[in-house]
Amino acid sequence: KSILLKLELEGVGAPELRVGVSGQYDRIAGKNATARPALPLEPIHEWIANAYVAYPSETFIGIVEGYHLIHAADSGTWRTSGAFALLGYQAGLVTPYVFGEAIRTSGGTDPFFARDLAAPESLVLERTSGVLGTRLDVTTRSSIKLEYGVEKVEGEDLAHLARAVWAFGL
């Protein structure tokens with residue numbers, strides 16, 4: 001049903017380094033108005049392309065990725081592009097990090113993501129955000145993360161966010 005092409009180089013220049021690109025095509029079947037009220041019964045052609053660089057070593061983590069997504073149907077074409085970056089450095093039990101992300105769209109509200117095009121303001125994908133945080137490894141299966149972030153969503157004021165998360169793994 002879908003086609004995926006991926007090329008990844010691993011360990012070139014550094015053992016942990018990964019560099020890759022991929023592309024995917026899929027034909028998403030039409031859905032009835034209950035399942036997809038924004039675009040009932042129309043199939044959607046989906047193309048996705050991305051590129052990334054990742055360096056997840058024992059002490060340093062660096063990931064940068066960008067993507068471009070196109071949804072096309074008889075009634076229109078919608079595009080979404082995004083990119084993010086994560087950089088962190090582990091010093092003992094503490095890992096300070098910074099994260100940034102941006103998403104942009106064109107063509108109006110994408111009916112694949114929207115429940116109702118009559119209320120397109122209910123779905124705003126365009127945003128830019130950034131987080132400054134630190135992770136404390138409490139045990140091998142538990143960590144505490146403290147974060148401060150800002151997020152700007154199109155049409156809204158700048159939001160300031162503070163988070164404390166205690167995560168457990170099994």
Side-chain angles (χ1 to χ4, degrees), residues 4 6 8-10 13-24 26 36 38 46-71 77-170:
L4 170 66
K6 180 178 178 180
E8 181 178 87
L9 299 174
E10 185 176 344
E16 299 92 349
L17 182 63
R18 293 178 174 198
V19 178
V21 295
S22 70
Q24 179 174 333
D26 193 7
R36 191 187 306 139
E46 178 179 70
W47 291 271
I48 304 171
N50 87 318
Y52 62 91
V53 176
Y55 188 82
S57 72
E58 285 206 23
T59 56
F60 176 78
I61 183 166
I63 302 170
V64 177
E65 182 171 356
Y67 66 87
H68 186 70
L69 177 141
I70 300 170
H71 282 147
T77 300
W78 306 271
R79 291 176 170 79
T80 304
S81 297
F84 74 88
L86 169 68
L87 299 172
Y89 184 81
Q90 185 171 3
L93 300 176
V94 177
T95 305
Y97 57 91
V98 62
F99 174 82
E101 179 177 37
I103 301 172
R104 299 290 177 264
T105 63
S106 65
T109 301
D110 188 330
F112 180 79
F113 299 118
R115 292 291 304 154
D116 185 1
L117 284 182
E121 67 280 356
S122 64
L123 176 74
V124 178
L125 292 177
E126 298 225 5
R127 65 190 66 235
T128 303
S129 62
V131 173
L132 181 61
T134 190
R135 184 186 79 218
L136 171 64
D137 294 325
V138 180
T139 69
T140 57
R141 297 185 186 268
S142 173
S143 65
I144 296 173
K145 288 170 52 172
L146 301 173
E147 297 180 335
Y148 168 74
V150 293
E151 181 174 57
K152 176 66 174 122
V153 176
E154 182 181 312
E156 297 180 13
D157 291 335
L158 184 68
H160 297 266
L161 311 163
R163 275 186 287 258
V165 177
W166 192 354
F168 298 89
L170 301 177

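Note that the structure is a prediction, hence the values are computed from the model and not measured.
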Using side chain to side chain donor-acceptor pair (under 3.5 Å) as the criterion, list what pairs up with Thr80, not counting sequence neighbours.
-> none

Looking at side-chain heavy atoms only, is the closest gap between Ile61 and Tyr97 below 4.5 Å?
-> no

Could you tell me the separation between the CD atom of Glu156 and the CZ atom of Arg127, rounded to the nearest 0.5 Å?
-> 7.5 Å

Tell me, do Val53 and Leu17 make a side-chain contact under 4.5 Å, heavy atoms counted?
-> yes

Spacing of Ser129 atom OG and Glu101 atom CD [to the nearest 0.5 Å] | 5.0 Å

With sequence neighbours excluded, residues passing salt bridge (Lys or Arg N to Asp or Glu O under 4.0 Å) with Glu10 = Arg18

Would a distance-only check, ignoring hydrogens and angles, find a side-chain to backbone donor-acceptor pair under 3.5 Å from Glu126 to Thr105?
-> yes

Residues at least two apart in sequence or cross-chain that pass side chain to side chain donor-acceptor pair (under 3.5 Å) with Thr134, listed by chain then number, are none

Given side chains that start at C-beta, do those of Val150 and Lys152 come closer than 4.5 Å, heavy atoms only?
-> no

Can you measure from OH (Tyr52) to CD1 (Ile63) and round to the nearest 0.5 angstrom?
-> 11.0 Å

Which residues share a salt bridge (Lys or Arg N to Asp or Glu O under 4.0 Å) with Arg163, sequence neighbours left out | Glu147

Looking at CD of Glu46 and CD1 of Ile48, how far apart are the two atoms once the value is rounded to the nearest 0.5 Å?
-> 4.0 Å

CD (Gln24) and CG (Leu4) are apart, to the nearest 0.5 Å, by 5.5 Å

Excluding sequence neighbours, so at least two apart, what forms side chain to side chain donor-acceptor pair (under 3.5 Å) with Ser142?
-> Trp166

Taking ring pair (Phe, Tyr, Trp, His ring centres under 6.0 Å) as the test, write out the residues that go with Phe112, two or more places apart.
-> His71

For Glu16, enumerate each residue passing the salt bridge (Lys or Arg N to Asp or Glu O under 4.0 Å) test, keeping only those at least two apart in sequence or located in another chain.
-> none

Residue pairs meeting salt bridge (charged side-chain N to carboxylate O under 4.0 Å, His left out), one or both in residues 55-64, sequence neighbours left out, come to none

Evaluate the side-chain proximity of Phe168 to Thr139: yes if any heavy-atom separation is below 4.5 Å, no if none is.
-> no

Hey, can you pull the donor-acceptor pairs under 3.5 Å for the side chains in residues 87-94, sequence neighbours left out?
residue: Gln90; atom: NE2; partner: Gly92; partner atom: O; Å: 3.1

Return the set of residues passing side chain to side chain donor-acceptor pair (under 3.5 Å) with Ser81 (not counting sequence neighbours), or none when no residue passes.
-> His68

Roughly how far apart are Ile103 CD1 and Glu154 CD, rounded to 0.5 Å?
-> 12.0 Å

All side-chain contact (heavy atoms from CB on, under 4.5 Å) counterparts of Thr128, not counting sequence neighbours = Ala102, Arg104

Does Asp137 have any salt bridge (Lys or Arg N to Asp or Glu O under 4.0 Å) partners at least two apart in sequence or in another chain, and if so, which?
-> Arg135

